[in-house]
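Shown next, in structure tokens, is the structure this report addresses.
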Amino acid sequence: MEEFRFIFERNDQSHILAGEEALLDSVSHGERSVLRMVVFDPPAVLLGYHQAVEQEVNVDEVKKRNWQIGRRPTGGGTIVMGPWQLGWEVYSHSSLLGETPENALRKSADAVISTLRDMGIKASFRPKNDVEVNGRKISGIGAFSEGKYIGVTGTILVDFNMDDMVSVLKLSSEKMKDKLYKDFRDRLTWIDREVGYNVEMGEVVKKARKSFEEVLGVKLVDSGYTQAEAEEIDKLNLKYSSQDWIFNTRKSIEGDNVRYLERKLPGGLVKVQVKMAGKGMIESVLITGDFFVEPRRSIYDLEARLKWSRVETVQEEVKEWGKGVKMIGMSPEDLSNLILEVSS
């Protein structure tokens, strides 16, 4: 039976996110596969890789609470992580996780479902990347790859405060705040709510460890970081705590003649900003949102392709770019249609 290392850690956002990158890199270079479970302390508002802080986060409120802001190395939407949620991560060769990120994601979801079942909660998978209980999300999952190696990351909501979540998100009005509060109440649930009492985090970790071991068909062995991993995490911690990574990786376009459009697609919310240089001429494009695209940096390549381009060339440029990427729940044609719509 294949052995995976098991690591549990409670730490701040930059150290935990640095570990995500370091562990996948380490496993892809020969170290044993890993299941890591984490608790974020202090709480942190975490953006997906393709999101812009100024579009998503109420920065002043986060500062007032002495929380942190971080940017994940994976796609997806903004989440709040704290001592009331369990984060889990799997890093392994793709052959042990179903070969593709989609299959790895589904296999990991089955482990979450098994964990909840062991606590008397009946859950099911909801494509593209959620586990739900009676139509309410209790776990979100993301996946990213490095060659033949895959990282899958996810959460399990043990407890949840809707006021906290609504307060730290960037909202345009009180009406939007009320709508979002209702959406959270209708769309989310958590373990304590489902079982009717406060569950200790240690109990959740114990049950989740057992379920992942059974579903993945591996033996989990208590472990820590190798010396090389620990050194790499220390280096990457500087990146994940830096203002440049958090705020400038995906920064909104500024200036005159900037147009904006957002659209909900099956693969997530896509936000497109286009700065026009004149009639029919695109100066620059920014594509953000809670979607998943592989390779992760391929959106940068598309934005670079479209700099100083004619509107009539957009469709062909996006089509050509799309030959080398993989998207979940959307297509290159969807993107070109949005860009054409906002720039026309």
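Reckoned from all heavy atoms, side chains included, excluding hydrogens, waters and symmetry mates. Residues take their numbers from the sequence shown, with the count starting at 1.
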Residues 307-314, side-chain donor-acceptor partners within the protein, below 3.5 Å, at least two apart:
{"from": "Ser309", "atom 1": "OG", "to": "Leu306", "atom 2": "O", "distance (Å)": "2.7"}
{"from": "Thr313", "atom 1": "OG1", "to": "Arg310", "atom 2": "O", "distance (Å)": "2.7"}

* So do the side chains of Trp84 and Pro43 get within less than 4.5 Å of each other, counting heavy atoms only? -> yes
* **Arg209 side-chain N/O to Leu220 backbone N/O, donor-acceptor pair under 3.5 Å** => yes
* To do: Please confirm whether the backbone N or O of Leu188 pairs with a side-chain atom of Arg193, one donor and one acceptor, at under 3.5 Å?
  => yes
* Does a side-chain heavy-atom distance below 4.5 Å link Phe40 with Thr155? -> no
* **Test item: side-chain donor near acceptor, Ser331 and Asp334, under 3.5 Å** => yes
* Asked: Does any non-hydrogen side-chain atom of Val80 lie less than 4.5 Å from one of Asp164?
  -> no
* **Side-chain donor/acceptor of Ser167 to backbone N/O of Asp163, under 3.5 Å** => yes
* To do: Ignoring hydrogens and angles, tell me if any N or O in the side chain of Ser242 forms a donor-acceptor pair with the backbone of Lys239 under 3.5 Å.
  => yes
* To do: Please check if the side chain of Asn337 supplies one atom and the backbone of Glu333 the other of a donor-acceptor pair under 3.5 Å.
  => yes
* Is it true that a side-chain atom of Arg259 and a backbone atom of Ser343 form a donor plus acceptor pair closer than 3.5 Å? -> yes
* To do: Mind telling me whether Trp88 and Phe212 have parallel, tilted or perpendicular rings, with 30° and 60° as the class edges?
  => tilted
* **Side-chain ion pair, Asp118 and Lys206, N-O less than 4.0 Å** => no
* **Presence of salt bridge, Lys64 and Glu61, under 4.0 angstrom** => yes
* Asked: Above 12 or not: heavy atoms from other molecules or residues under 6.0 Å from CD of Glu283?
  -> yes
* Asked: Judged by modelled atom types alone, do Ser252 and Glu54 share a side-chain donor-acceptor pair under 3.5 Å?
  -> yes
* Structure fact -> Checking Val168, Val45, Asp60 against Arg65 for side chain to side chain contact (heavy atoms under 4.5 Å, CB included), the one that qualifies is Val168
* Asked: Is there a path from Leu261 to Ile282 through hydrophobic residues (I, L, V, M, F, W, Y) whose side chains come within less than 4.5 Å of each other?
  -> yes
* Candidates Gln68, Arg72, Arg71 - the one meeting side chain to side chain contact (heavy atoms under 4.5 Å, CB included) with Leu46 -> Arg72
* State whether Lys210 and Glu214 are salt-bridged, where the test is any N-O pair (Lys NZ or Arg NE/NH1/NH2 against Asp/Glu carboxylate O) under 4.0 Å. => yes
* Calculate, to the nearest 0.5 Å, the distance between atoms CG and NZ belonging to Leu286 and Lys275 respectively. => 12.5 Å
* Asked: Would a 4.5 Å heavy-atom cut-off, applied to side chains only, mark Arg117 and Ile113 as touching?
  -> yes
* Asked: Do any N or O atoms from the side chain of Glu303 and from the backbone of Ile287 form a donor-acceptor pair under 3.5 angstrom?
  -> yes
* Structure fact -> Applying salt bridge (Lys or Arg N to Asp or Glu O under 4.0 Å) to Glu9 and not counting sequence neighbours gives Arg36
* **For Tyr240, all residues meeting ring pair (Phe, Tyr, Trp, His ring centres under 6.0 Å), sequence neighbours excluded** => Trp245
* **Which residues share a side-chain contact (heavy atoms from CB on, under 4.5 Å) with Asn103, sequence neighbours left out** => Thr100
* **Any Glu56 side-chain heavy atom under 4.5 Å of Arg250 side chain** => no
* Residues that Ser92 engages under side-chain contact (heavy atoms from CB on, under 4.5 Å), provided they are two or more places apart -> Phe4, Ser33, Leu96, Leu97
* Asked: Within the distance-only criterion (no hydrogens, no angle test), does the side chain of Gln13 pair as donor or acceptor with the backbone N or O of Ala44 below 3.5 angstrom?
  -> no
* Rest of the hydrophobic cluster containing Tyr260 (Ile/Leu/Val/Met/Phe/Trp/Tyr, side-chain heavy atoms under 4.5 Å)? -> none
